[in-house]
Every structure is written in structure tokens, then in C-alpha cells.
Amino acid sequence: FSDRFPNRKMAVTTTKQRSAGKTLVFHGALIMIFACFVAGMGYEVSLVDKFDARAEAAWRTAHLGSSVQALFVLGGAASVAYLDLTAAEFNIFAYSLVTVGWFNSLGYTIGAFVKQRGLTPVCGTLQSPVILWICDFGPPENVAINAMFVVAMTAIVPALYLMAVGASRNR
């Protein structure tokens with residue numbers, strides 16, 4: 001590459017960057033395959049059946065949302081060459097993005113299967129102000145899906161923090 005384009009400089013990658021990049025590319029590809037085949041087939045079936053508009057919307061969200069999650073993880077892979085992080089920070093960065101991608105994708109898809117959106121908070125309306133552990137959780141599948149989304153939202157924080165830190169450090 002550099003002999004064909006002598007004025008272009010490629011980012012120098014280290015072993016820790018390549019390792020994080022490989023992890024992100026691997027999981028990004030798996031999430032995309034999942035989005036295309038599992039969620040895509042569900043979306044296709046919902047389009048053919050045309051019985052339930054909510055099911056079609058849920059499968060469309062699962063298909064497109066999982067595809068976006070895959071691209072998000074692959075975008076993280078493309079950014080590793082420009083981040084100045086330690087090996088431990090690269091591991092946290094990579095697995096945080098992988099966690100976000102998988103938990104969101106699985107939440108969308110499982111939600112479409114069980115016809116729940118997972119938007120109700122894990123501990124919604126309190127039935128007793130004195131006893132905090134008695135909560136109206138809603139259907140158990142909704143709680144599980146909501147928990148997946150909460151894990152994904154929590155996992156994005158260290159990834160974005162490390163992206164900002166890694167991009168701002170001088171090499």
C-alpha cells in the first residue's frame with residue numbers, strides 16, 4: 001500500500017490493537033449473520049403472514065436494529081488503530097462493545113419472538129412503599145428483555161469513555 005501511495009500514512013497497529021480489532025470484527029460478523037438470518041427470517045415470515053402489524057414492526061426492529069449493532073461493533077474495530085490504550089483497556093473496550101452488540105440484538109429478537117418490547121423498567125410500580133422487594137415486574141419475559149437492554153446501556157459507558165480517552169492521548 002505505502003509503495004503505491006507514498007504520501008499516505010497508515011496507522012501503525014500493535015499486537016494489542018490487532019487482538020481487539022479481531023475480536024470486534026469476529027463478533028460484528030456473527031451479529032450481522034444473526035441479524036440477517038434469524039431476525040431476517042422472522043421479518044420475512046411476518047411480512048408474508050400480514051396478520052399482525054405489531055409483529056411485523058417487532059421483527060423489522062430486530063432485523064434492522066441487530067444490523068445496526070453489528071455495524072456499531074465493526075465501527076469499533078475500525079477505530080482501534082487510532083486509539084492509544086493499554087492492553088487491558090483494549091480488552092475492556094472490545095468486550096464492552098461486544099456486550100452492547102449482542103445484548104441489544106438478542107433483546108430485539110427475543111422480544112419479537114415473545115411479543116414483548118422490554119421497555120418497562122425492571123422494578124416498575126411499587127405495590128408497597130414499605131417493602132421495596134414487592135414490585136410489579138410485569139411479564140417475566142419483559143423483565144428479561146429489559147435486563148438485556150439495561151446491560152447494553154451500562155456496557156456502552158466504558159466503551160465510549162475509553163474511546164474518548166484513547167483518541168485524546170498523545171502517542
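One-based numbering along the sequence shown. Side chains are part of it too, since the values below use all heavy atoms of this structure and drop only hydrogens, waters and symmetry mates.
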Closest contact, heavy atoms only, [X] versus [Y]:
{"X": "Ala159", "Y": "Leu97", "answer": "CB-CD2, 3.7 Å"}
{"X": "Pro158", "Y": "Ile92", "answer": "CB-CG2, 4.2 Å"}
{"X": "Ile145", "Y": "Gly107", "answer": "CG2-O, 3.6 Å"}
{"X": "Tyr108", "Y": "Ala62", "answer": "CB-CA, 3.5 Å"}

Starting from [Y], can I reach [X] by hopping between I/L/V/M/F/W/Y residues whose side chains sit under 4.5 Å apart?
{"X": "Val38", "Y": "Met32", "answer": "no"}
{"X": "Val98", "Y": "Val151", "answer": "yes"}
{"X": "Leu162", "Y": "Val100", "answer": "yes"}
{"X": "Ile110", "Y": "Val45", "answer": "no"}
{"X": "Leu160", "Y": "Phe103", "answer": "yes"}

Side chains of [X] and [Y] in contact at under 4.5 Å (non-hydrogen atoms):
{"X": "Asn104", "Y": "Val68", "result": "no"}
{"X": "Leu64", "Y": "Tyr43", "result": "no"}
{"X": "Gln69", "Y": "Val73", "result": "no"}
{"X": "Leu74", "Y": "Leu24", "result": "no"}
{"X": "Ile156", "Y": "Phe72", "result": "yes"}

With a 3.5 Å distance limit and no angle check, can you tell me whether [X] reaches the backbone of [Y] through a side-chain donor-acceptor pair?
{"X": "Glu56", "Y": "Ala53", "result": "no"}
{"X": "Ser19", "Y": "Thr15", "result": "no"}
{"X": "Lys16", "Y": "Leu85", "result": "yes"}
{"X": "His63", "Y": "Cys36", "result": "no"}
{"X": "Thr109", "Y": "Leu106", "result": "no"}
{"X": "Glu141", "Y": "Phe113", "result": "no"}
{"X": "Ser168", "Y": "Val165", "result": "yes"}

To the nearest 0.5 Å, what is the distance between [atom1] ([X]) and [atom2] ([Y])?
{"X": "Ser96", "Y": "Glu89", "atom1": "OG", "atom2": "CD", "result": "11.5 Å"}
{"X": "Ser66", "Y": "Leu71", "atom1": "OG", "atom2": "CG", "result": "11.0 Å"}
{"X": "His27", "Y": "Ser105", "atom1": "NE2", "atom2": "OG", "result": "12.5 Å"}

Worked check of side-chain contact (heavy atoms from CB on, under 4.5 Å) between Phe26 and Leu30: CA-CA 6 Å; Phe26 176 75; Leu30 287 181; 3.4 Å; yes

How about Phe90 and Tyr95: are their ring centroids closer than 6.0 Å? no

Worked check of side-chain contact (heavy atoms from CB on, under 4.5 Å) between Leu47 and Trp59: CA-CA 9 Å; Leu47 288 173; Trp59 281 109; over 6 Å; no

